[in-house]
Amino acid sequence: MPQAAPSCCRRSQHWRPPSVCQSAALTHRESSFNHPTPSGPASLRPPLGSAQELSRRPKVYEHGLACQSSITAAAQSLPPGDLAEPTTADMAVPSHVSRLQKYGPIYKRGTPGMEVVVVAEPDSVQALLTADYASLANDWGEGVSTLLGPGAIANRQGDAHRASKRTLTKGFSKEATLAYLPGVVKLAASFLSRWSSQGSVPLLGEMKCLTFDISCSLIMGFDVEEKERRKLREDFTTLTFGLSAIPFNRSNPVAAAGLDARARLLEHIQPRLSSLPHGNNGSSKPSAKMTPIQRLNAVAEAEGEEMPMEELLDQSINLLMASTETTAFSMCNMMMELESRPHIAQKLADEQRALMDRHGTDISEAVLEDMHYGEAVACEVLRVHSPVPFVFRRALIDLEVGGYTIPKGWILQLSLHQQQLDSNMAPDQPGFYPERWLDASGDLIEQPRNFMPFGGGPRLCLGRMLAKMEMKVMMALFVRGYTCKQPSQQQALTANVAARDDVIQMSFTPRQ
Ligand code: HEM
């Protein structure tokens, strides 16, 4: 599930979204566990007995991803950790860091009957991400399952997930994503121009508006007036905030507000969905030009199954949620990095000048392709400022992970964040260093396989190309035409659905 920071395991009433300090603290501890790793290889271990083996052959899912499944049913020791009632302090980042140091990269937390195992060991994370549907289910907790709804792709499991994914994937192919490029450029340019006329702007809120508008018009195909869009954005923000509600029930005002916002949002979206053109001269046969949500509808119709409106609405909310916060956090942190590191902004500007000489002034596919330094900056933003630091799964069978048993029913909290920090590239350069992604001649190097800011396996992010495109368009337009300034030194943002829109201030000025 792709929102910036999840409401975690429904069973843990005290969990709260990861905070800024988490990212910051872990950044300084790259690959620095000083706890011995548990016995056996630190990944999912091979089966103890062949009868217990589920499947060890790599599988290829419909969306073309090679998936290894080496999950085994086995019984050994439980991971170390404390299963005491968590306190708020326990859930704070420093405690995550100190638990990593105390227990090693696989440890348990939570309360008996509400157990969570945190996995921050790269090979195990990778193996778990690529595990098959029989071993693990997506489980992001009560907030996500209720606010997104049962029809949302994040809440679908097994064959139902596979079918949704197959349909939606076509709406996020390279061809489809490139068709969104002119719309992304237009929206980003208009936001930058407005910011530069406004003095200081609340950057996170503004980036959320931008990414919401992109998703509304390009992913959903909605052409809405600014007044209505503002209303939609407000409800969407309240709904997103609801994800941070723990416990998640009507007696919690944050959860209740989120549920009410969802109902209002659906009231707005439903008539729009009903009136969406099919994009293929009225035929319900899916066409390459359809937006992802039109495609979902058309595929169902073409297969003779009317898709229930509830399901289409849930999928719409899921796509909005998946695309908005994550990309907004990334672009906000990207602007902060560029502001505080003028030499990087300058290198990007030099690259843009060379690209304009070669390809003209339009931001075209060729510009995006040749934007190697820009791509390196985007990767570095995703590496250092994980927009999705953790993903959550539920064990459907007893699993053996890194030599420990994870009993059926327990929640696994997989640290993509640690995964990225441990990806073992230029370890002598622990800070923000885009050059780690380039070779000596400035060409992009092959990315390490455990660099997974967009997840992996059957749940791999659908919008990864779109997200990178948004980041690179914003970067290019910014360095071509503007400079920016923070009024004072501000903390880098961390993925957190409860972050206030005005937490980061920035002013933009046209470049002389
Ligand atoms: C920087 C921006 C983004 C990041 C870091 C990101 C990250 C992720 C991650 C880590 C997952 C996997 C979740 C899991 O394993 O449970 C995911 C899934 C997903 N993402 Fe993204 N995402 C981003 C932007 C987008 C955009 C722009 C879209 C467009 C709609 C999108 C759509 C999705 C969808 C639909 C899924 C669910 C896939 C599934 O359940 O099979 N994401 N994303």
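First listed ligand is number 1; within each ligand, the first listed atom is number 1.
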For this session: Please determine which of K208, K186, R229 meets the salt bridge (charged side-chain N to carboxylate O under 4.0 Å, His left out) test together with D213.
Result: R229
Exercise. Taking the six-membered ring for Trp, are W437 and F451 ring centroids under 6.0 Å apart?
Worked result: yes
Seminar exercise, completed: In terms of its nearest heavy atom to atom 1 (C) of ligand 1, the top option of P458, A322, P292, S330 is S330
For this session: Pull out every atom of ligand 1 sitting under 4.0 Å from any heavy atom of N138, numbered as shown with elements.
Result: 16 (O)
Exercise. Which pair of non-hydrogen atoms, one from T211 and one from S323, has the smallest distance, and what is that distance?
Worked result: CB-O, 4.2 Å
For this session: May I ask whether F329 has any heavy atom positioned less than 4.0 angstrom from an atom of ligand 1?
Result: no
Problem set entry | side-chain contact (heavy atoms from CB on, under 4.5 Å) between R459 and V391, intermediate numbers included | CA-CA 10 Å; R459 299 270 168 185; V391 300; over 6 Å; no
Problem set entry | Near-ring test H161/Y133, centroid separation under 6.0 angstrom | yes
Exercise. Numbering the atoms of ligand 1 from 1, which are under 4.0 Å from a heavy atom of I219?
Worked result: 29 (C), 30 (C)
Exercise. Do the ring planes of F390 and F392 sit parallel (below 30°), tilted (30 to 60°) or perpendicular (above 60°)?
Worked result: tilted
Exercise. Which distance, rounded to the nearest 0.5 Å, do you find between the CZ of F222 and the CD1 of I293?
Worked result: 7.5 Å
Exercise. Going by heavy atoms, is F172 under 4.0 Å from ligand 1?
Worked result: yes
Problem set entry | Heavy-atom gap L168 to ligand 1 smaller than 4.0 Å | no
For this session: Taking only heavy atoms of A467 into account, list the atoms of ligand 1 that are under 4.0 Å away from them.
Result: 1 (C), 2 (C), 24 (C)
For this session: Check each heavy atom of V391 against ligand 1 and say whether those closer than 4.0 Å belong to the side chain, the backbone, both or neither.
Result: side chain
Exercise. Short N/O distance, under 3.5 Å, between H161 and ligand 1?
Worked result: yes
Seminar exercise, completed: For P387, the ligand 1 atoms with a heavy-atom partner under 4.0 Å come out as 5 (C)
Exercise. Taking only heavy atoms of P453, which atoms of ligand 1 are found under 4.0 Å from at least one of them?
Worked result: 5 (C), 7 (C), 10 (C)
Exercise. I219 versus F172: any side-chain heavy-atom pair under 4.5 Å?
Worked result: yes
Exercise. With a cut-off of 4.0 Å, which atoms of ligand 1 are near a heavy atom of L416?
Worked result: 10 (C)
Exercise. Is there a nitrogen or oxygen of N318 sitting under 3.5 Å from a nitrogen or oxygen of ligand 1?
Worked result: no
Exercise. Is the closest basic N to carboxylate O distance between E311 and R156 below 4.0 Å?
Worked result: yes
For this session: Say whether R393, considering both its backbone and side-chain N or O atoms, lies within less than 3.5 Å of an N or O atom on ligand 1.
Result: yes
For this session: Please identify which atoms of ligand 1 are closer than 4.0 Å to at least one heavy atom of L319.
Result: 30 (C), 35 (C)
For this session: Specify whether F432 and H385 have parallel, tilted or perpendicular ring planes, treating 30° as the upper limit for parallel and 60° as the lower limit for perpendicular.
Result: tilted
For this session: Number the atoms of ligand 1 from 1 as they appear, then name those within less than 4.0 Å of a heavy atom of K165, with their elements.
Result: 38 (C), 39 (C), 41 (O)
